[in-house]
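Labels below follow one simple rule: chain letters A, B, ... track the order of the sequence lines, proteins then strands, and each chain is numbered from 1.
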Amino acid sequence: MKIPSVKGFHDVLPGESARWARLESTAREIFERYNFGEIRLPIVERSELFRRSVGETTDIVEKEMYTFSDRDGSDLTLRPEGTASAVRAYVEHAMQGVDPVTKLYYFGPMFRRERPQKGRLRQFSQIGAEVIGRDDPAVDAEVLVMLADLLRGFGIESAEIGVNTLGCAECRPGYREALVAWGESRLDERCADCQRRLRQNPMRLLDCKQPQCVGMRDEAPKMIDHACAACRNHFDRVLRLCDAEGVALTMQPYMVRGLDYYCRTAFEVVASGLGSQNAVGGGGRYDGLVQSLGGPAVAGIGFALGVERLALVLEAQGAAATTAVPEFFVAPLGEAAESAAFGLTHRLRVAGARVEMDSGSRSLKSQMRRAGKLDVPYVIILGEDEVAGGSITVRDMRARTDRRGIAPIDTDVETLRAALAAVATTAAAEERV
RNA sequence: GUGGGUGUAGCUCAAUUGGUUAGAGCGCUGGAUUGUGGCUCCAGAGGUUGUGGGUUCGAUUCCCAUCACUCACCCCA
């Protein structure tokens, strides 16, 4: 009886996981350059954490969380995003006392019970970063510049970073009113969803994709026009700093974000090759969040990138999934040779070589066939002759030549590699003569 | 949660208006005289046609249900 995987929960197979590993290692390298430190966060948190941070009325909290009651009755949830956990950890460990500026990055799976489709899974992975402690526009710019560095480092070609300001507690209410007034003006022309949104979350009117609503959007009031002087100056400064570093940002006056805690600078990364899920990342400032989770009154900003989506973009760009190739393939013939081969293989591996060994009960032909398919450059043949003579035969798969007795059975990697290199240079020299 | 599409071998797909032993390519296994791969050739293994009903002399084909996958809406990374 086969037991299939759970809907929306996918395996990442070796060829694909190599791509993930590259994404993570470049991210790690760039984060460290910007002096961020890695934080490893738990996957399960108290449900209350997300209700309070992400927002009670968001889709995530209302219908997408994997929430369960633990055996002791506590109300727990598989994290749907990373910022809440990072801020919780910041507060829990009083990180403001270590350094007024805390810079964290993390990798890991998130869980949202949505209907799966291309680029959208129920378990998905994020690469995220957070800066907590300063509301200086230079911090926003640092984060955006780093984001651009990351995208370039990943080799994402056509990514675009869209930005907007969402205002603050001072100016957003006024904007909200203006938005509601605008929305009501031609309410009957809007789609049913927007008529509902108008009351629940008027900001959402702006990113409706229905044709009739998109058509009206150009006349909508813009946050930037309603922003207070502080917000406007902040945003201007962010844009100026990024521009000076050659980081291209696209102003998107109608961009809104899905999570309640965002304010001021908000941004998202869009790329092609993802079907209708064209956002590979998003983030923004969350100045009130730390305090609302019981911490000091400090500001924060962060973003997250979707690993699956980044991988899809790279795949669409034609980057093939790569498979690692062993340096040596040990082909024993017969049981006696197998013992010797086993020892040799282990010795080579301990010394750091990537080695594959096949079974001595298989024919040399089939072992060669497999070695050829794996694209291994050298096959170490260990048959009766070799065992009797105490030395190995190495076949150079590319040159299609055998070297009998090139090294003793108990050789070490350095000796073997040196012998092969010597043979190669001699062969090259002979060819020239 | 709401729509559309698709379910046949490990993978990608065939199978005439419903017709008898459900095929091909790739992959896999073995072989083409002694212990040698990529190309070629030969052979073999592998399917309760997603599942359960129904119509029919007969269903991969038609109908219903169900499940799964997938794309889109929604939402977002």
Result for side-chain contact (heavy atoms from CB on, under 4.5 Å) between A:Tyr66 and one of A:Arg79, A:Arg122, A:Arg112 points to A:Arg122
For A:His10 and B:rU70, is the shortest distance between a side-chain N/O and OP1 or OP2 below 4.0 Å?
yes
Among B:rA72, B:rC74, B:rG37, the one nearest A:Arg120 by side-chain distance
B:rC74
Using atom C1' in both nucleotides, what's the gap between B:rC42 and B:rU6 to the nearest angstrom?
37 Å
When rounded to the nearest Å, what value does the distance between P atoms of B:rC75 and B:rC67 take?
26 Å
Separation of B:rU70 atom C1' from A:Glu114 atom CD, nearest Å, is 16 Å
Distance between the C1' atoms of B:rG31 and B:rG37, in whole angstroms?
15 Å
Would you say the base of B:rG37 and the side-chain of A:Arg395 have a donor-acceptor pair closer than 3.5 Å?
yes
Minimal non-hydrogen separation, A:Gly281 against A:Leu305, with atom names
CA-CD2, 3.9 Å
Just how far, in rounded Å, is C1' of B:rA77 from CE of A:Met255?
14 Å
Please tell me which of A:Leu382 and A:Arg113 maps to the more 5' nucleotide of RNA chain B, matching each residue to the nucleotide holding its nearest heavy atom.
A:Arg113
Should the heavy atoms of other residues, nucleotides or ligands under 6.0 Å from CZ of A:Phe342 be counted, would the total exceed 12?
no
Could you tell me which nucleotide pairs with B:rC26 by Watson-Crick or G-U wobble geometry, both distances under 3.5 Å, or answer none if nothing does?
B:rG10
Using the C1' atom on both, measure B:rC28 against B:rA9 and round to a whole Å.
12 Å
Check this for me, if you would: do A:Arg134 and A:Asp140 make a salt bridge, where the nitrogen-to-carboxylate-oxygen distance has to be below 4.0 angstrom?
no
Any N or O donor-acceptor pair linking the side chain of A:Arg309 to the base of B:rC76 at under 3.5 Å?
yes
Is a salt bridge present between A:Arg51 and A:Glu48, judged by a nitrogen-to-oxygen distance below 4.0 Å?
no
Find the distance A:Leu13:CG to B:rC11:P and express it as a whole number of Å.
12 Å
Under a 3.5 Å cut-off for both contacts, is B:rG35 paired Watson-Crick or G-U wobble with anything, and if yes, with which nucleotide?
none
Check the distance between B:rC76's P and A:Leu259's CG and give it to me in whole angstrom.
7 Å
Between B:rG37 and A:Lys365, is there an OP1 or OP2 to side-chain N/O distance shorter than 4.0 Å?
yes
For A:Phe329, give me all partners under ring pair (Phe, Tyr, Trp, His ring centres under 6.0 Å), at least two apart in sequence or on another chain.
none
Does a nitrogen or oxygen in the side chain of A:Lys7 sit under 4.0 Å from OP1 or OP2 of B:rU70?
no
Considering only atom P, compute the distance from B:rA68 to B:rG25 and round it to an integer number of Å.
35 Å
Contact list for RNA chain B against residues 39-67 of chain A - heavy-atom distance below 4.0 Å
A:Asp59, A:Glu64
Apply salt bridge (Lys or Arg N to Asp or Glu O under 4.0 Å) to A:Arg398 and A:Asp375, showing your working.
CA-CA 9 Å; A:Arg398 302 205 210 296; A:Asp375 203 27; 3.7 Å; yes
Compare side-chain N and O positions of A:Lys118 against OP1 and OP2 of B:rA72 and report whether any pair is under 4.0 Å apart.
no
What integer distance in Å separates A:Arg400:CZ from B:rG37:P?
8 Å
Nearest-Å distance once atom P is located in both B:rU8 and B:rG44:
25 Å
Would you please confirm or rule out a distance under 4.0 Å between OP1 or OP2 of B:rC71 and any side-chain N or O of A:Gln117?
no
Are side-chain heavy atoms of A:Cys263 and A:Arg172 found at a separation under 4.5 Å?
yes
B:rC73 to B:rU48 separation - C1' atoms, rounded to the nearest Å:
38 Å
Mind checking who B:rC75 pairs with, Watson-Crick or G-U wobble, both distances under 3.5 Å?
none
For a quick check, tell me whether the side chain of A:Gln367 and the base of B:rG35 share a donor-acceptor pair closer than 3.5 Å.
no
Applying a 3.5 Å limit to both distances, which nucleotide forms a Watson-Crick or G-U wobble pair with B:rG19?
B:rC57
Would A:Arg28 and A:Glu24 pass as an ion pair if we require N to O under 4.0 Å?
no
Is A:Leu121 touching bases, backbone alone, or none of the nucleic acid, heavy atoms closer than 4.0 Å?
base
Nearest non-hydrogen partners of A:Leu104 and A:Phe36, listed with the distance:
O-CD2, 3.4 Å
Answer yes or no: is there an ion pair linking A:Asp135 with A:Arg285, defined by an N-O contact shorter than 4.0 Å?
no
Using purine N1 to pyrimidine N3 plus N6-O4 or O6-N4 for Watson-Crick, or N1-O2 and O6-N3 for G-U wobble, both under 3.5 Å, which nucleotide pairs with B:rC69?
B:rG5
Taking only nitrogen or oxygen atoms into account, show me every contact under 3.5 Å that the protein makes with nucleotides 4-9 of chain B, one pair per line with its distance.
none

